[in-house]
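Report on the structure given below.
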Amino acid sequence: MGVAIGAVPRAAHFALVDVNNFYVSCERVFQPRLERVPLVVLSNNDGCAVARSSEVKALGVKMATPWFLLKDLAVQHGIQALSSNYTLYGDMSERVVSILRDFSPDIEVYSIDESFLRIDAVLHLYPHSLAMGEAMRSRIRQWTGLPVCVGMGASKTLAKLANHLAKKHAVFNGVCDLNALTDPELEHWLSITEVGEVWGVGRQISLRLQAMGIQTVWDLRSTSQKILRTHFGVVMERTCSELNGISCLELEEVVPAKQQIIASRSFGRAVTSREELEESVATHMARACEKLRAQSSVAAMIQVFVRTNRFKPSEPQYSPSIAIRLAEACDDTLVLTDAALTGLGRIFKAGYRYKKAGVVLSSISEKAQQQRGLFDDRALDHKSADLMKVMDALNTRFGKKTVHSAAMGNTTGWAMRSENRSPHYTTCWDELPFVR
DNA sequence: TCTGGGGTCCTAGGACCC
DNA sequence: TCTGGGGTCCTAGGACCC
């Protein structure tokens, strides 16, 4: 008698692979002199430190600390700061993902520096799960120069936690599989880890949990799900199941379409004129529409918002937003820009010093199932679709803003600051690194 | 110049209408 | 004229994550 292969569902086994200090590590690959130099990479507009080298973390610098608040510390400890270079990071990210696909075809690219993999079908290829993790680490290091840590567990939440342990405790040597631990070992590690380290438990929920006497991950894992449900809802109940090894979150191999798309930026300086606000809103709308078309969706509602500098209470504050429902859902940059500028016209007031502007696309649906209006002109539709297709193709081939709407303008006095960006080493012929 | 990110989802509550 | 429920739309803001 044969046994039907696959009849028994395999126990779930997930891995989370995460690049250490991703942006900082990308910069160091191309500038080895930055190894061991305390280094931060700043967010858009050179605002906050969004990536910190281990030396900087050791100084107690928290995620998203404003750079200007770090100036003294930077002088004191020789911290260097680079503007972010998303073109470089995006390209390096793709390289890591393509390596990981060789390890398991079941992969969810969770963020620019993190991927979940389902590994239960491929684990038999290795003597031990840790050997698989080690193989991932060394191949990524060798092929891209980037250091990663690997966490494994019976659910995505456990894999994420294991990754945290692998990063934080040298004893794991960069690879931690919670499934491979004995029960006392598991209890030990979960008991010395604060509940705030759990995926989905942020600062506020941490505080509320602690007030209930739930301090550690082990405490949370041992809490009655009924209690968690009444106090925090189904999401926390699910997190607790995941911590107990019951996998509730599937791998999202196909990225689900966004229900809301935001494009916004702070300005490099205060903006007062309506014309400049219009240019920035048009620019943001173009970017939002590119994202919308990339997921083959249409939007039936847009919002436009502008705001003054909330950190300057001495200046008059104004932060209006306006929603506009469209007669018909669409993905045409020109149509949506037109609507956004109309909206801006309604909320704009002269006399304020604006610091940020943005657009939101919502009421999003699949383009294929688009509701048709009674009086639609199909020929016009095709014309619009063709135009957008050509625009996207040209901008992909020849670089952003090769072709754009006139509303975006050509002055960029309001553009964000980016004072210390490294070259586009891997994506631009003129900026390839030199090896002497 | 005088510094403070960006994105997604979700919900409370006000305004308005039936 | 007064009262109330319930729905929708919109705005504001919380929470989380990287």
Side-chain angles (χ1 to χ4, degrees), chain A residues 16 18-24 40-52 62-72 74 81 83-84 86 89-90 93 109-115 156-157 160 163-164 196-208 232-236 239 252 255-271 284 287-288 291 295 300-305 307-315 317-325 343 346-347 353 355-364 413-420:
Chain A
L16 176 68
D18 182 322
V19 183
N20 306 346
N21 314 328
F22 181 53
Y23 300 167
V24 162
V40 296
V41 174
L42 304 177
S43 63
N44 280 319
N45 225 12
D46 292 347
C48 300
V50 287
R52 302 149 292 155
K62 298 270 179 274
M63 175 70 170
T65 306
W67 171 235
F68 81 96
L69 290 179
L70 292 174
K71 285 285 170 70
D72 287 347
S83 304
S84 42
Y86 286 107
Y89 312 146
S93 175
V109 180
Y110 175 68
S111 75
I112 194 164
D113 71 327
E114 283 176 73
S115 291
K156 287 166 80 173
T157 303
K160 195 116 163 80
N163 190 281
H164 166 78
E197 300 297 342
V198 173
W199 192 27
V201 178
R203 211 168 53 86
Q204 296 304 318
I205 292 176
S206 270
L207 288 175
R208 284 169 61 199
F232 299 94
V234 290
V235 177
M236 184 60 66
T239 295
E252 289 179 352
V255 182
K258 304 261 182 274
Q259 298 174 48
Q260 191 184 42
I261 291 170
I262 299 181
S264 71
R265 283 280 181 280
S266 300
F267 302 123
R269 58 162 169 80
V271 161
H284 297 139
R287 199 156 55 88
K291 293 190 206 175
Q295 66 169 37
M301 180 142 101
I302 66 164
Q303 281 157 268
V304 183
F305 66 88
R307 77 168 45 129
T308 48
N309 191 342
R310 68 199 165 101
F311 295 106
K312 285 191 175 168
S314 59
E315 291 186 0
Q317 296 290 310
Y318 181 48
S319 60
S321 92
I322 187 169
I324 295 171
R325 189 158 285 281
R346 286 195 217 144
I347 56 175
R353 292 164 57 76
K355 182 64 184 165
K356 185 173 183 176
V359 301
V360 184
L361 305 181
S362 52
S363 291
I364 287 174
W414 45 270
M416 67 179 186
R417 269 192 301 272
S418 180
E419 290 176 350
N420 196 16

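Each chain gets a letter, A, B and so on, in the order its sequence line appears, and its residues count up from 1.
Within the 4.0 angstrom heavy-atom criterion, only backbone atoms of the sugar-phosphate kind lie near A:R287; the bases stay farther away.
Pairs of Watson-Crick or G-U wobble type, with distances under 3.5 Å, assemble into runs of 3 or more in DNA chain C at these ranges: B:5-18 with C:5-18.
Taking the ring-ring contact (aromatic ring centres under 6.0 Å, His included) definition, one finds that A:Y23 meets it with A:Y86, A:Y89, sequence neighbours left out. Qualifying ring-ring contact (aromatic ring centres under 6.0 Å, His included) partners for A:W67, counting only residues two or more places apart in sequence or in other chains: none. Listed by chain and residue number, A:K312, A:R353 satisfy the salt bridge (Lys or Arg N to Asp or Glu O under 4.0 Å) test with A:E315 (two or more places apart in sequence, or in another chain). For A:Y318, the ring-ring contact (aromatic ring centres under 6.0 Å, His included) partners two or more places apart in sequence, or in a different chain, are A:Y352. For A:Q303, the side chain to side chain contact (heavy atoms under 4.5 Å, CB included) partners two or more places apart in sequence, or in a different chain, are A:A323, A:V360, A:S362. By the salt bridge (Lys or Arg N to Asp or Glu O under 4.0 Å) test, A:R325 pairs with no residue at all, sequence neighbours left out. By the salt bridge (Lys or Arg N to Asp or Glu O under 4.0 Å) test, A:K291 pairs with no residue at all, sequence neighbours left out. Annotation: salt bridge (Lys or Arg N to Asp or Glu O under 4.0 Å) contacts of A:K258 (sequence neighbours excluded): none.
For A:S43 and A:N45, the side-chain atoms include no donor-acceptor pair closer than 3.5 Å.
Taking atom CG on A:N44 and atom C1' on B:dG7, their separation rounds to 11 Å, with Å as the unit. Whole-Å rounding puts the A:L70 CG to B:dG5 P distance at 13 Å. Distance A:Q303 CD to B:dG7 C1': 14 Å, rounded to the nearest Å. For A:Q317 and C:dG13, the CD to C1' distance is 16 Å, given to the nearest whole Å. The nearest whole Å value for the distance from the CE atom in A:M301 to the P atom in B:dT8 is 15 Å. For A:R307 and B:dG6, the CZ to C1' distance is 11 Å, given to the nearest whole Å. Atom CG of A:L42 is separated from atom C1' of B:dG6 by 14 Å (rounded to the nearest Å). A:R325 places its CZ atom 8 Å from the C1' atom of C:dC9, with the value rounded to the nearest Å.
Residues from residues 256-263 of chain A that place a heavy atom under 4.0 Å from any atom of DNA chain B, listed by number: A:K258, A:Q259, A:Q260, A:I261, A:I262, A:A263.
Look at the C1' atom in both B:dC17 and C:dT3: the space between them is 16 Å, to the nearest Å.
Taking the side chain as every heavy atom from C-beta outward, A:F232 and A:R208 approach each other to under 4.5 Å.
Without hydrogens or angle criteria, A:N44 side chain to A:R265 main chain gives no donor-acceptor distance under 3.5 Å.
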With the criterion being N/O to N/O and under 3.5 Å, what pairs connect the protein with nucleotides 1-4 of chain B, and how long is each?
from, atom 1, to, atom 2, distance (Å)
B:dT3, OP1, A:K312, NZ, 3.1
B:dG4, OP1, A:K355, NZ, 3.3
B:dG4, OP1, A:R417, NH2, 3.3

Extract from the structure each pairing of a protein N or O with an N or O of nucleotides 15-18 of chain C at less than 3.5 Å, listing the distance.
from, atom 1, to, atom 2, distance (Å)
C:dC16, OP1, A:G202, N, 3.3
C:dC16, OP1, A:I205, N, 3.2
C:dC16, OP2, A:R203, N, 3.4
C:dC16, OP2, A:Q204, N, 3.1
C:dC17, OP1, A:G200, N, 2.3
C:dC17, OP1, A:V201, N, 3.4
C:dC18, OP1, A:E114, OE2, 3.2
C:dC18, OP1, A:K160, NZ, 2.5
C:dC18, O3', A:D113, OD1, 3.2

Self-check item: A:N163/A:E114 under side chain to side chain contact (heavy atoms under 4.5 Å, CB included): CA gap, chis, key distance, verdict
Solution: CA-CA 10 Å; A:N163 190 281; A:E114 283 176 73; over 6 Å; no
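The minimum heavy-atom distance linking A:V359 with A:A288 is given by the pair CG2-CB, 4.0 Å. Here the closest heavy-atom approach between residue A:T157 and residue A:T239 is recorded as CG2-CG2, 4.4 Å.
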